[in-house]
Amino acid sequence: MAALVAMPRMRMKITVFPDAFPPFLFRSYRPKKVSVFHRRRSFSVSASSTKETQDQVRVRFAPSPTGNLHVGGARTALFNYLFARSNGGKFVLRIEDTDLERSTKESEEAVLNDLSWLGLDWDEGPGVDGDYGPYRQSERNSLYKQYAEKLLESGYVYRCFCSSEELEKMKEIAKLKQLPPVYTGKWANATDKEVQEELHRGTPYTYRFRVPKEGSLKINDLIRGEVIWNLDTLGDFVIMRSNGQPVYNFCVTVDDATMAISHVIRAEEHLPNTLRQALIYKALGFPMPHFAHVSLILAPDRSKLSKRHGATSVGQYREMGYLPQAMVNYLALLGWGDGTENEFFTLDLLVEKFSIGRVNKSGAIFDSTKLRWMNGQHLRALPSEELTKLIGERWKSTGILTESEGSFVEDAVQLLKDGIDLTPDSDKALSNLLSYPLHETLSSLEAKPVLEDKLSEFAASFIAAYDSGELLAALEEGHAGWQKWVKSFGKSLKRKGKSLFMPLRVLLTGKLHGPDIGASVLLLHNGGKSGIIAPQAEFVTLDERFRVLRRVDWEALTKNQSQLGTAATVST
């Protein structure tokens, strides 16, 4: 059986101002003398901290395995991780799986995999032994029951035999009176005889925590500053259900206390829970941890980020081709900054720079466009060998190439990387280079200036240079050979600059825009020789491109361009 564990004393000032303080806060509950509970219950608690850190920093991330790891949860985990690492503390992972109907082993494994993928390794938790286990709430039920019984014996908690119908009627009456829907305290002052009679009948009961009727609770949140609650809006709340299962706020408090958690860093939606948890801390004699409530992540319309806004889970972004270092970098910037204009952080640099004091208390907007941009920055910052391996394996797995390495892959990655923000982008980038949409391009209105610049005459000279073998000979010499040939070819046509390179681009690639034309044509030449390009890639070789060029009906294209221009003028 689990033992009652005391939490190490932490440096937090807790000031209590008794005002007709109930006797059960000082001595054990005496059920036969029920009159003590008829006295006014009120108090004020003020909890404050003057330091962000303590001698022993212990933080926790406590996900529920009921679905995928949301980006909001991932950011909470990251902030806990950074705070622990930057202060030489411990990062604890605890699985809150008391929702037996919705919790699944598959979800737990997915959450653990996502955290590992992000690089947020935990010091204690599932798979990592520690002194404060077990680390799944479903394995800690005996501990919760012991503490619940302790609260019952001391008078902080009482049995409530109210039925669901009675509780619903209380809510309706409160609503009619425009009062908060709090429990009226029907069983708060029951005699021992009344309790025993219900127990004898086998009436189901819950454990309710006695809340003082007056007073307030004040905490100094490390992010939000001073937060105050009035106790008269709360009412006596349940800590153990009638089926013997503990309620969330009770589990969390017992777990945080017995695991010696020094700082609770969590989402602001948990802020209202702090009132109930603080009362339980006080009743069990545990010092409260420092609290820091992080604002929610918002969608561009400033509503709470949800599935209707697109991908919201870490696993989804992983499948979309995002890098873990980019996700970590971006999530860290959602509500935090180091005070400079720098936006590019590695995990190690974040550990060095992170401070909970610089976390913003206003909501952060999730900008998927910026996340994509940031992923591109991290992708291109990878060592050349790593980037080539990553994209080469992608090209082979998607069937564009038959091999994942070699000079063609290396050259293609270097040529195309500036247009790749996500690894799947590389498929389109390479396929685009291998294609030859000459007819579509020349039929477009954008190509009209190029056509009108005597493109047909240019093409005739270009085909002649290919047929003579001089262009292929130059390409065999590599980049220097290409540059030498281009200079000579331009001189023979009395062209240079855009008037030379634009028609070359169109005739060689079939496009008006793209990466460096010299590197592109060399890659196309080498790709045709290497045999690395898979048949399904629909690669149009240089030889096939010139065959297409020979069949171009320039007169028809010119006529079509004239019609397009007229239609555009009329439309305007």
Side-chain angles (χ1 to χ4, degrees), residues 10-13 47-62 70-92 115 118-123 218-227 261-271 274 288-300 302 304-305 314 324-367 370-371 373-375 377-378:
M10 296 183 290
R11 295 177 183 174
M12 175 172 281
K13 293 189 246 179
S48 63
S49 63
T50 56
K51 290 175 63 178
E52 179 181 302
T53 60
Q54 305 177 136
D55 294 337
Q56 184 184 23
V57 168
R58 287 177 59 83
V59 298
R60 49 71 165 180
F61 177 57
H70 189 274
V71 291
R75 184 190 61 168
T76 299
L78 174 61
F79 282 3
N80 275 279
Y81 175 90
L82 295 176
F83 186 78
R85 293 289 177 267
S86 62
N87 290 291
K90 299 291 185 182
F91 176 52
V92 179
L115 289 173
L118 290 170
L120 308 183
D121 53 298
W122 51 95
D123 302 299
K218 179 176 73 174
I219 67 166
N220 280 333
D221 191 280
L222 294 175
I223 294 174
R224 318 194 79 77
E226 186 178 279
V227 184
I261 299 302
S262 63
H263 294 73
V264 174
I265 304 172
R266 58 189 181 184
E268 68 171 329
E269 58 193 358
H270 289 288
L271 187 60
T274 309
M288 282 201 295
H290 298 269
F291 289 99
H293 289 89
V294 183
S295 294
L296 297 177
I297 295 179
L298 306 176
R302 302 200 70 81
K304 185 178 178 181
L305 187 67
V314 172
Q325 51 268 50
M327 284 298 299
V328 164
N329 190 165
Y330 184 69
L331 290 175
L333 296 179
L334 291 178
W336 174 87
D338 69 345
T340 70
E341 295 184 359
N342 181 36
E343 291 189 315
F344 192 89
F345 293 90
T346 62
L347 187 56
D348 288 340
L349 185 58
L350 285 170
V351 169
E352 178 185 333
K353 298 289 186 179
F354 185 78
S355 166
I356 200 72
R358 293 204 62 84
V359 175
N360 200 316
K361 64 181 179 181
S362 59
I365 303 295
F366 192 91
D367 185 345
K370 184 170 183 178
L371 171 58
W373 168 83
M374 184 164 286
N375 194 82
Q377 300 300 308
H378 279 275

Could you check whether the rings of F83 and H263 sit parallel, tilted or perpendicular, using 30° and 60° as the cut-offs? tilted
State which residues pass side-chain hydrogen bond (donor to acceptor under 3.5 Å, both in side chains) with E268; sequence neighbours excluded, sorted by chain then number. R224
L331 backbone acceptor or donor facing R75 side chain under 3.5 Å: no
Would you say N87's side chain and G89's backbone share a donor-acceptor pair under 3.5 angstrom? no
Decide salt bridge (Lys or Arg N to Asp or Glu O under 4.0 Å) for R85 and D123; before the verdict, give the C-alpha distance in whole Å, the side-chain angles of both, and the deciding distance to 0.1 Å. CA-CA 10 Å; R85 293 289 177 267; D123 302 299; 2.9 Å; yes
Pairwise side-chain contact, K90 with V57, heavy-atom cut-off 4.5 Å (strictly under): no
State, yes or no, whether a side-chain contact exists between L347 and L82 at a heavy-atom distance under 4.5 Å. yes
So, Y81 side chain and F61 main chain: donor-acceptor pair closer than 3.5 Å or not? no
So which atom in A292 and which in D221 form the shortest heavy-atom distance, rounded to 0.1 Å? CA-OD1, 3.5 Å
Got V264 and R60 here, is their nearest side-chain heavy-atom distance under 4.5 Å? yes
Does any part of the side chain of T346, heavy atoms only, come nearer than 4.5 Å to the side chain of V328, both counted from C-beta? no
N329 side-chain N/O to M374 backbone N/O, donor-acceptor pair under 3.5 Å: no
Taking the side chain as everything from C-beta on, heavy atoms only, tell me whether V71 gets closer than 4.5 Å to M327. yes
Stepwise ring-ring contact (aromatic ring centres under 6.0 Å, His included) test for W336 and F354: CA-CA 8 Å; W336 174 87; F354 185 78; 5.8 Å; yes
Are any non-hydrogen side-chain atoms of E343 and W373 less than 4.5 angstrom apart? yes
Measuring only between side-chain heavy atoms, which start at C-beta, is F291 closer than 4.5 Å to I223? no
Could you check whether any side-chain N or O of S262 sits under 3.5 Å from a backbone N or O of R58, counting only pairs where one atom can act as donor and the other as acceptor? yes
Judged by atom type as modelled, is there a donor-acceptor pair below 3.5 Å linking the side chain of S295 to the main-chain atoms of K361? yes
If you look at every heavy atom in G363 and L298, which pair is closest and at what distance? CA-CD1, 4.0 Å
Would you say that T274 contacts I219 through its side chain, given a criterion of any heavy-atom pair below 4.5 Å between the two side chains? yes
Stepwise side chain to side chain donor-acceptor pair (under 3.5 Å) test for D338 and T340: CA-CA 6 Å; D338 69 345; T340 70; 2.7 Å; yes
